[in-house]
Number of protein chains: 2
Amino acid sequence: MKRQADGRKARGEKRRTEIIEATLRVIERDGVAGVTHRTVATEAGIPTTSTTYHFATLDDLLVATLIDCARDMATEVYWMIDRARSHGRGRGAEEIAKLLAEALGPKRGRTMAEYELYLLAARKPELRPAARRWLDVLTSMVRHDDEVAFRVFLAGIDGLLIQGLIDDEPPGEEELRPVVDYLLNPR
Amino acid sequence: MKRQADGRKARGEKRRTEIIEATLRVIERDGVAGVTHRTVATEAGIPTTSTTYHFATLDDLLVATLIDCARDMATEVYWMIDRARSHGRGRGAEEIAKLLAEALGPKRGRTMAEYELYLLAARKPELRPAARRWLDVLTSMVRHDDEVAFRVFLAGIDGLLIQGLIDDEPPGEEELRPVVDYLLNPR
DNA sequence: CCAATAGTGGGACGAATGTTCAGGTATCTT
DNA sequence: AAGATACCTGAACATTCGTCCCACTATTGG
């Protein structure tokens with residue numbers, strides 16, 4: 001079961017991912033501020049020393065979590081755009097608005113966690129490549145005839161999510177749709 | 001010098017603002033994570049107990065700082081838009097791009113601090129009115145003939161700032177200008 | 001089969017944290 | 001002027017933090 005010499009699927013790999021997933025749950029619940037070796041260990045149901053063994057410092061743990069998180073973000077947003085493009089010109093906005101409303105509704109905790117890690121990357125340069133990953137993936141994958149319009153689109157999505165996070169009641173799909181539509185096809 | 005019975009300019013008001021300003025400096029330097037009663041006290045050059053006296057809990061301190069910060073943000077962004085509007089249709093983008101580049105360059109620390117407090121408001125409902133303040137101020141002050149276009153504009157500004165924070169070298173004014181221009185006058 | 005090594009876990013250390021308390025000082029009210 | 005009130009501060013509390021150490025087990029390579 002172990003990949004030797006090249007792969008990274010060593011023995012302790014399962015524990016590592018357990019710890020990372022527990023870290024993400026802690027961030028969703030209590031924010032980055034709530035991440036300590038002990039809280040993560042308790043969340044994962046493992047002794048405290050196990051977290052310090054696999055991640056020497058707390059920063060290492062946050063870095064690994066962000067990288068893991070960024071991969072999920074990139075693929076998810078990629079499929080979002082892909083689905084939006086596969087639909088008609090008018091239906092694209094509908095699809096994106098639905099996923100945005102989801103990110104601000106049921107998956108609100110996850111969205112908050114992602115942006116907290118995002119902002120952490122602003123302070124720690126070694127995190128930036130991981131944080132930029134999903135932007136880079138989209139930029140390279142999605143066909144964008146207009147460079148400027150595409151940047152505006154990405155910035156708009158980010159802004160809508162962040163502003164939606166501080167709403168008392170998150171904007172619903174129907175409220176988001178016209179805005180997303182304008183973002184895709186400005187008049 | 002003291003407003004009695006109604007006003008709030010009591011004696012200890014100076015200390016309060018000193019503490020809040022010190023808190024903002026700490027956040028700019030080390031982030032919200034670096035805010036403790038002791039670090040703030042040291043930054044302000046006052047004993048630790050003075051911070052706990054004026055702000056019983058750490059949350060109170062962060063709330064007060066965010067409210068103070070939000071007021072500055074609102075007025076600054078208001079003048080930004082005002083200056084942009086006073087110029088010609090084409091010069092408006094130039095003005096806004098300059099201020100954005102400034103926020104991502106020399107005032108980068110301040111911008112980071114603002115967004116960290118912003119995200120803190122997503123987790124603490126009592127902070128949201130303060131965090132929304134500058135959005136509300138703009139929405140009420142700035143004439144917006146197109147509601148949807150205005151929301152997209154605000155979201156776009158937020159997105160550009162956040163994405164600029166995780167760039168290794170912040171985008172310059174000339175790089176921002178076409179994007180802001182598109183945001184104001186989409187084609 | 002048997003050393004060598006990676007992984008696991010209990011316990012404890014010093015340092016830093018939020019918070020409290022009692023005693024002091026300045027300022028205001030009357 | 002004198003009492004009341006708000007303000008200030010040094011010292012200390014229990015708690016929690018990151019981290020280290022040492023013993024134990026399972027897995028691996030030869």
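If you're wondering where the values come from, they're calculated on a predicted model, not measured in any experiment. Order of the sequence lines sets the chain letters (A, B, ...), proteins ahead of strands, with each chain counted from 1.
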Inset, instruction - Using a cut-off of strictly less than 4.0 Å, decide whether B:H54 has a side-chain nitrogen or oxygen near OP1 or OP2 of D:dC8. - result: yes

Show the atom names and distances, to 0.1 Å, of all donor-acceptor pairs under 3.5 Å that link a side chain in residues 119-132 of chain A to residues at least two apart or in another chain.
from: A:R123; atom 1: NE; to: B:E116; atom 2: OE2; distance (Å): 2.8
from: A:R123; atom 1: NH1; to: B:E28; atom 2: O; distance (Å): 3.3
from: A:R123; atom 1: NH2; to: B:I27; atom 2: O; distance (Å): 3.1
from: A:R123; atom 1: NH2; to: B:E116; atom 2: OE2; distance (Å): 2.9
from: A:K124; atom 1: NZ; to: A:D59; atom 2: OD1; distance (Å): 3.4
from: A:K124; atom 1: NZ; to: A:D59; atom 2: OD2; distance (Å): 3.3
from: A:R128; atom 1: NE; to: A:A121; atom 2: O; distance (Å): 3.3
from: A:R128; atom 1: NH1; to: B:D168; atom 2: OD1; distance (Å): 3.4
from: A:R128; atom 1: NH2; to: A:A122; atom 2: O; distance (Å): 3.1
from: A:R132; atom 1: NH1; to: B:I166; atom 2: O; distance (Å): 2.6
from: A:R132; atom 1: NH2; to: B:D168; atom 2: OD2; distance (Å): 3.2

Legend entry - Chi angles and distances behind the salt bridge (charged side-chain N to carboxylate O under 4.0 Å, His left out) call for B:R15, B:E18: CA-CA 5 Å; B:R15 261 287 162 87; B:E18 275 179 21; 3.7 Å; yes

Legend entry - salt bridge (charged side-chain N to carboxylate O under 4.0 Å, His left out) assessment of B:D72 paired with B:R110: CA-CA 11 Å; B:D72 293 354; B:R110 173 61 180 257; 3.4 Å; yes

Legend entry - Sequence-aligned protein contact record of nucleotides 11-17 of chain C, with B where the base is within under 4.0 Å of a protein heavy atom and S where only the sugar-phosphate is: BB----B

Legend entry - Near-strand residues of residues 22-30 of chain A, defined as heavy-atom separation under 4.0 angstrom from DNA chain C: none

Legend entry - Passing candidate, side-chain contact (heavy atoms from CB on, under 4.5 Å) with A:Y118, options A:D158, A:L66, A:I162: A:D158

Inset, instruction - Check step by step if salt bridge (charged side-chain N to carboxylate O under 4.0 Å, His left out) holds for A:E175 and B:R151. - result: CA-CA 11 Å; A:E175 191 177 349; B:R151 274 201 74 174; 3.7 Å; yes

Inset, instruction - Give a yes/no answer on whether the side chain of B:Y53 brings an N or O atom under 4.0 Å of OP1 or OP2 in D:dC7. - result: yes

Output side-chain donor-acceptor pairs under 3.5 Å for residues 34-42 of chain A, partner residues at least two apart or in another chain, one line each.
from: A:T36; atom 1: OG1; to: A:R38; atom 2: N; distance (Å): 3.3
from: A:T36; atom 1: OG1; to: A:T39; atom 2: N; distance (Å): 3.0
from: A:T36; atom 1: OG1; to: A:T39; atom 2: OG1; distance (Å): 3.2
from: A:T39; atom 1: OG1; to: A:G34; atom 2: O; distance (Å): 2.9
from: A:T39; atom 1: OG1; to: A:T36; atom 2: N; distance (Å): 2.9
from: A:T39; atom 1: OG1; to: A:T36; atom 2: O; distance (Å): 3.1
from: A:T42; atom 1: OG1; to: A:R38; atom 2: O; distance (Å): 2.9

Inset, instruction - Give the rounded distance in Å between these two atoms: CD1 of A:I19 and C1' of C:dG9. - result: 13 Å

Legend entry - Heavy-atom side-chain proximity of B:T52 to B:T49 below 4.5 angstrom: yes

Legend entry - Short N-O contact, A:E76 and A:R71, less than 4.0 angstrom: no

Inset, instruction - Could you work out the complete set of other residues in the hydrophobic cluster of B:Y53, with links drawn between I, L, V, M, F, W and Y side chains under 4.5 Å apart? - result: none

Inset, instruction - Return the value, rounded to whole Å, for the distance between atom CZ of B:R15 and atom C1' of C:dT27. - result: 15 Å

Legend entry - DNA chain D: stems of at least 3 consecutive Watson-Crick or G-U pairs whose donor-acceptor distances fall under 3.5 Å: C:1-30 with D:1-30

Legend entry - Rounded distance [0.5 Å steps], CZ in B:R16 versus OG1 in B:T51: 12.0 Å

Inset, instruction - Would you kindly give the NZ-to-C1' distance between B:K14 and D:dC7, to the nearest whole Å? - result: 12 Å

Inset, instruction - Would you mind checking if A:E173 and A:K98 are paired as a salt bridge, meaning a charged N to carboxylate O distance below 4.0 Å? - result: no

